[in-house]
Amino acid sequence: MTNYPFTSSEMKALAGVVHMECTDANKEATKLRKNGLMTTVSSQKQIIDCWEDTYVKANDSCGEEYKALVACLYNNERRSLKCLKLRNALEECYVRKVVLKQSS
């Protein structure tokens, strides 16, 4: 398992599920950035923690889908549309195995 910081392919693969999980942390980070306050690791902690938590959940619950998407994005750096089916598979898996379980 990769520790933060993530590779470019890992960040791109996580983008959809991070959007589902880290809305509040992203809003707070945007506020800090606009006010010039996101300059230290401690000011970035909430967003980093959310990304790391989401990464663990994605790997634990949808590891095959996540790894397949990362590999596809790595091999098709400038042609990420080739990975759309894999992205959809990861996001569907994540909703089914993580999001819906959290809400029940």
Side-chain angles (χ1 to χ4, degrees):
M1 203 178 335
T2 303
N3 293 322
Y4 180 83
F6 304 105
T7 67
S8 174
S9 297
E10 289 170 326
M11 289 181 73
K12 289 175 186 175
L14 281 175
V17 293
V18 164
H19 182 73
M20 293 177 214
E21 293 284 354
C22 301
T23 303
D24 293 337
N26 282 332
K27 284 180 185 176
E28 185 62 28
T30 299
K31 269 196 264 182
L32 289 171
R33 216 175 297 120
K34 283 182 180 178
N35 294 318
L37 301 173
M38 194 170 220
T39 57
T40 64
V41 172
S42 62
S43 67
Q44 301 167 13
K45 184 168 177 26
Q46 184 181 10
I47 192 74
I48 291 170
D49 288 350
C50 189
W51 271 81
E52 288 178 336
D53 185 51
T54 303
Y55 172 78
V56 169
K57 289 178 191 175
N59 263 293
D60 289 351
S61 300
C62 306
E64 288 181 31
E65 292 85 351
Y66 174 72
K67 289 174 187 151
L69 179 56
V70 169
C72 182
L73 291 168
Y74 180 80
N75 292 323
N76 296 285
E77 189 175 339
R78 303 212 186 276
R79 298 176 305 275
S80 63
L81 281 177
K82 288 187 172 196
C83 307
L84 187 59
K85 287 183 182 180
L86 293 171
R87 178 175 303 286
N88 291 341
L90 171 60
E91 291 176 6
E92 288 172 16
C93 176
Y94 196 85
V95 167
R96 199 173 54 253
K97 293 184 177 179
V98 178
V99 176
L100 293 177
K101 283 188 179 181
Q102 289 175 351
S103 64
S104 59

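One-based numbering along the sequence shown.
Identified under the salt bridge (charged side-chain N to carboxylate O under 4.0 Å, His left out) test for residues 64-77, with sequence neighbours left out: none. Each ring-ring contact (aromatic ring centres under 6.0 Å, His included) pair with one or both residues in residues 60-91, not counting sequence neighbours, appears once here: Y55-Y66.
Scanning for side-chain contact (heavy atoms from CB on, under 4.5 Å) contacts around K97 gives S61, C62, C93, with sequence neighbours left out. The salt bridge (Lys or Arg N to Asp or Glu O under 4.0 Å) check on D53 picks up K57, with sequence neighbours excluded. Here R78 pairs with nothing under the side-chain contact (heavy atoms from CB on, under 4.5 Å) rule; sequence neighbours left out. In this view, Y94 satisfies the ring-ring contact (aromatic ring centres under 6.0 Å, His included) rule with no residue, not counting sequence neighbours. With sequence neighbours left out, the side-chain hydrogen bond (donor to acceptor under 3.5 Å, both in side chains) criterion links D49 to K45. Among residues two or more places apart in sequence or in another chain, the side-chain contact (heavy atoms from CB on, under 4.5 Å) test is passed with L73 by S9, K12, A13, L69, S80, C83, R87.
Two residues are said to be in side-chain contact when any heavy atoms from C-beta on lie closer than 4.5 Å; V56 and E52 fail this criterion. L84 has its side chain within reach of N88: a pair of non-hydrogen atoms, C-beta onward, lies under 4.5 Å apart.
Of the candidates M20, E21, H19, V17 forms a side chain to side chain contact (heavy atoms under 4.5 Å, CB included) with just one, namely M20.
Atom SG of C50 and atom CG of D24 lie 8.5 Å apart (nearest 0.5 Å).
In the hydrophobic cluster analysis, where Ile, Leu, Val, Met, Phe, Trp and Tyr join through side-chain heavy atoms closer than 4.5 angstrom, L14 is grouped apart from L81.
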